[in-house]
Chemist: 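Before I ask anything, here is the structure I am working with.
Because the structure is predicted, anything quoted here is derived from the model rather than measured. In what follows, chains are A, B, ... by sequence order, proteins preceding strands, each numbered from 1. All values below come from the heavy atoms of this structure, side chains included, with hydrogens, waters and symmetry mates left out.
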Amino acid sequence: MPSFSAGASAQKQQNYQRRRQQVREQRKSLPIASVEKRLVDEVRKNDTLIIVGETGSGKTTQLPQFLYDGGFCQYGKVIGITQPRRVAAVTVAKRVAEECNDQLGKKVGYSIRFDDSTSNATRIKYMTDGLLLREALLDPLLSKYSVIVVDEAHERTVHTDVLLGLLKKIHLEEGPGDILAFLTGQEEIESLERLINERARLLPPESSKIWTTPIYSSLPSEQQMNAFKSAPAGTRKVVLATNIAETSVTIPGIKYVIDPGMVKARAYNPVTGMESLIIIPVSKAQALQRSGRAGREGPGKCFRLFQESEFDKLVDSTVPEIKRCNLSNVVLQLKALEIDDIIGFDFMEKPSRTAILKSLEQLILLGALTDDYKLSDPVGHQMARLPLDPMYSKALIVSSELKCLEEMLIVVSMLSVESIFFSPREKLEEARAARKGFESLEGDHITLVNVYRAAAECLEKSKNANAKERTMEKALTRWCRENFINHRSLKHARDVHSQIQGHVQQMGLNPSSCGEDMVLFRRCLTAAFFLNAAMRQPDGSYRALATSQSVQIHPSSGLFRTKPDCVIFNELVRTTQNYVKNLTRIDPLWLAELAPQYYATED
DNA sequence: GAGCACTGC
């Protein structure tokens with residue numbers, strides 16, 4: 001029936017024209033349409049341009065089309081637009097292809113990991129930032145692109161940051177001089193180091209070489225020292241640092257600083273006792289401090305990977321620690337100084353009322369304060385003398401009564417320092433095997449005692465061999481390396497141990513050891529850390545008894561797989577989930593027996 | 001099955 005199909009086709013044609021008209025009108029009505037000419041001119045005039053506009057103003061869909069119409073795709077060049085998420089890259093590409101009245105994959109296409117719709121004809125290419133970074137590895141100058149649009153740049157991922165840095169060209173366009181980049185943590189440093197090294201292999205052979213060197217606090221000091229060495233001639237040193245390089249150490253010879261403007265900060269919820277590390281923008285003071293690390297010995301430059309308007313929005317200075325940590329120790333110290341009215345105390349930076357009340361409550365539960373908020377005698381006075389977290393001070397006093405002070409002194413020393421175990425990603429299995437040798441089925445506290453004693457034994461052996469102090473220290477360093485123990489943390493723990501040992505002797509606590517009786521020791525841990533008990537739930541998760549929070553055992557714990565019915569823990573941290581760390585298996589009945597003031601009524 | 005800013009007593 002030819003007439004019918006002719007009619008249908010005419011109808012189709014009409015619908016199509018109407019749709020085209022709609023699209024044209026819609027495009028014209030977008031706020032960005034009025035500045036098309038100016039935008040294209042500005043892009044042509046500037047190497048880097050930051051465009052700010054409301055959501056829905058049409059930046060993502062229109063700008064690439066303006067640039068295309070403005071001639072940015074001559075000679076086969078491509079306009080690349082990055083998106084922080086895969087879905088966005090696909091949907092925006094589809095939308096723009098429709099607006100261009102073209103099939104997806106021709107003029108307009110997208111490319112994401114495992115899915116590439118582009119062809120040789122593609123001139124407007126939407127992609128994820130991670131994918132563009134991969135392309136940059138193969139072609140550092142991204143030579144097939146005439147323009148790169150980094151969309152949603154405020155949704156800053158490490159990828160966008162590195163990308164923005166690369167686009168500023170982190171290396172090829174600037175003169176010689178070392179670079180210092182501020183990152184938030186070990187993981188970010190490690191992944192960026194890998195990326196840079198992959199990319200560095202593909203640099204044009206005539207350009208100078210790149211040498212990356214990480215520095216962060218849990219890195220063993222031998223490796224930290226690398227950051228202070230100078231690079232061979234013709235090589236540029238790139239130091240990837242946490243804010244350890246902001247104030248704690250000064251690396252000589254830095255000419256360029258790269259500051260993405262973020263920092264990892266501790267956050268604390270006084271009600272739940274939950275601690276977390278969150279990534280937040282730096283303060284103005286921090287940003288200035290960071291830029292000041294460039295060119296200390298000559299002219300330098302700081303590349304801030306954020307906009308000037310963002311800088312103005314930064315807070316002037318970092319929120320002081322006192323407003324974001326557990327206050328129990330501060331309150332205990334004030335009480336010992338006979339300052340009774342803590343709430344009314346004239347703090348320079350006043351912590352929240354809730355935080356103060358919570359710590360007063362905790363100190364009462366620990367027996368450091370009486371019910372009328374007075375320092376108790378002798379426990380409160382003893383606790384205030386010890387430079388430890390009040391819960392650890394309490395643990396020492398309890399262990400003196402229960403006759404396992406020696407073991408508890410080791411535990412609180414080891415818990416008071418940074419992580420004892422060092423597990424570099426590339427030697428994870430070896431590190432795990434080494435740790436197995438110390439591990440106790442009863443829990444992490446006894447594991448820590450085992451590590452401490454094994455280290456002491458190592459020192460004892462070399463002492464018996466009449467070794468000099470320096471030889472002994474070397475033997476310990478080697479032992480640490482072989483056993484994947486962080487030497488610096490262990491040394492710190494030994495220092496804390498000897499300092500606290502001095503205090504407990506002066507205080508007249510009862511020196512004692514539980515010997516092989518680990519039940520006694522676990523009971524003592526229960527008596528000390530009863531506020532941090534958790535019970536396994538039918539679904540395998542745990543419930544922290546004091547706050548009823550749902551928590552999981554952190555995978556770094558020796559009890560991660562065993563999942564005992566009841567545990568006491570020392571740390572409550574929130575990362576991807578609520579985690580408890582440093583655990584020991586206990587009998588739930590011990591709680592009512594050893595902390596009746598807290599548990600008896602509940603049973 | 002996580003991924004760990006810094007300092008001080």
Chemist: Scan the side chains in residues 380-392 of chain A for donor-acceptor partners under 3.5 Å anywhere in the protein, sequence neighbours excluded, and list what turns up.
Modeler:
| from | atom 1 | to | atom 2 | distance (Å) |
| --- | --- | --- | --- | --- |
| R385(A) | NH2 | Q506(A) | OE1 | 3.3 |
| D389(A) | OD1 | M391(A) | N | 2.9 |

Chemist: Hey, would you say the F569(A) and H554(A) ring centroids sit under 6.0 Å apart?
Modeler: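 F569(A) vs H554(A): aromatic centres not under 6.0 Å.
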Chemist: May I ask you to evaluate whether S419(A) reaches the phosphate of dC4(B), defined as a side-chain N or O under 4.0 Å from OP1 or OP2?
Modeler: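 Indeed not, no polar side-chain atom of S419(A) lies that close.
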Chemist: I280(A) has an atom CD1; how far is it from atom C1' of dC6(B), in whole Å?
Modeler: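 Atom-to-atom, I280(A) to dC6(B), this comes out as 13 Å.
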Chemist: Could you tell me the separation between the CD atom of E418(A) and the C1' atom of dC4(B), rounded to a whole number of Å?
Modeler: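 My rounded result for the distance is 11 Å.
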Chemist: Identify whether the distance between the nearest side-chain nitrogen and carboxylate oxygen of E407(A) and R522(A) falls below 4.0 Å.
Modeler: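 Salt bridge between E407(A) and R522(A), a charged N being under 4.0 Å from a carboxylate O: no.
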Chemist: Are side-chain N/O atoms of T547(A) and Q549(A) paired as donor and acceptor at under 3.5 Å?
Modeler: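 A donor-acceptor contact under 3.5 Å links the two side chains.
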Chemist: Whole Å only: how far is the OH atom of Y216(A) from the P atom of dG3(B)?
Modeler: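 In whole Å, dG3(B) P lies 15 Å from Y216(A) OH.
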Chemist: For N578(A) and dG1(B), what is the distance between atoms CG and P respectively, to the nearest whole Å?
Modeler: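 From N578(A) CG to dG1(B) P: 17 Å.
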Chemist: For S556(A) and K264(A), find the nucleotide of DNA chain B closest to each by heavy atoms; which residue's nucleotide sits nearer the 5' end?
Modeler: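 Checking each residue's closest nucleotide, the 5'-ward one belongs to S556(A).
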Chemist: Quick check for you: among dG1(B), dC6(B), dG3(B), whose closest atom lies nearest to any side-chain atom of R561(A)?
Modeler: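 For R561(A), the side-chain atoms sit closest to dG1(B).
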Chemist: Which of the following nucleotides, dA5(B), dG1(B), dA2(B), is nearest to the side chain of F560(A)?
Modeler: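 Nucleotide nearest to F560(A)'s side chain: dG1(B).
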Chemist: Is T575(A) near enough to dG3(B) that one of its side-chain N or O atoms lies under 4.0 angstrom from OP1 or OP2?
Modeler: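 Answer yes for this pair, as a side-chain N or O of T575(A) is under 4.0 Å from OP1 or OP2.
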Chemist: Closest nucleotide of DNA chain B for T184(A) versus for Q499(A): which of these residues is on the 5' side?
Modeler: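 Between the two, 5'-proximity favours T184(A).
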Chemist: To the nearest Å, how far apart are N329(A) CG and dG8(B) P?
Modeler: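 Those two atoms, CG and P, are 16 Å apart.
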Chemist: Return the value, rounded to whole Å, for the distance between atom CG of D389(A) and atom P of dG8(B).
Modeler: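 That distance rounds to 18 Å.
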Chemist: Checking S512(A) now: which residues fulfil side-chain contact (heavy atoms from CB on, under 4.5 Å) with it, not counting sequence neighbours?
Modeler: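 So S512(A) forms a side-chain contact (heavy atoms from CB on, under 4.5 Å) with K403(A), L405(A), N510(A).
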Chemist: Rounded to the nearest Å, what distance is computed from the NE2 atom of residue H492(A) to the P atom of nucleotide dC9(B)?
Modeler: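 About 9 Å, once rounded to whole Å.
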Chemist: Classify the nucleic acid contact of R432(A) as base, sugar-phosphate or nothing, counting any heavy atom under 4.0 Å across all strands shown.
Modeler: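 Answer is base: heavy atoms of R432(A) come under 4.0 Å of a base.
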Chemist: Find the distance N326(A):CG to dC9(B):P and express it as a whole number of Å.
Modeler: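 N326(A) atom CG is separated from dC9(B) atom P by 20 Å.
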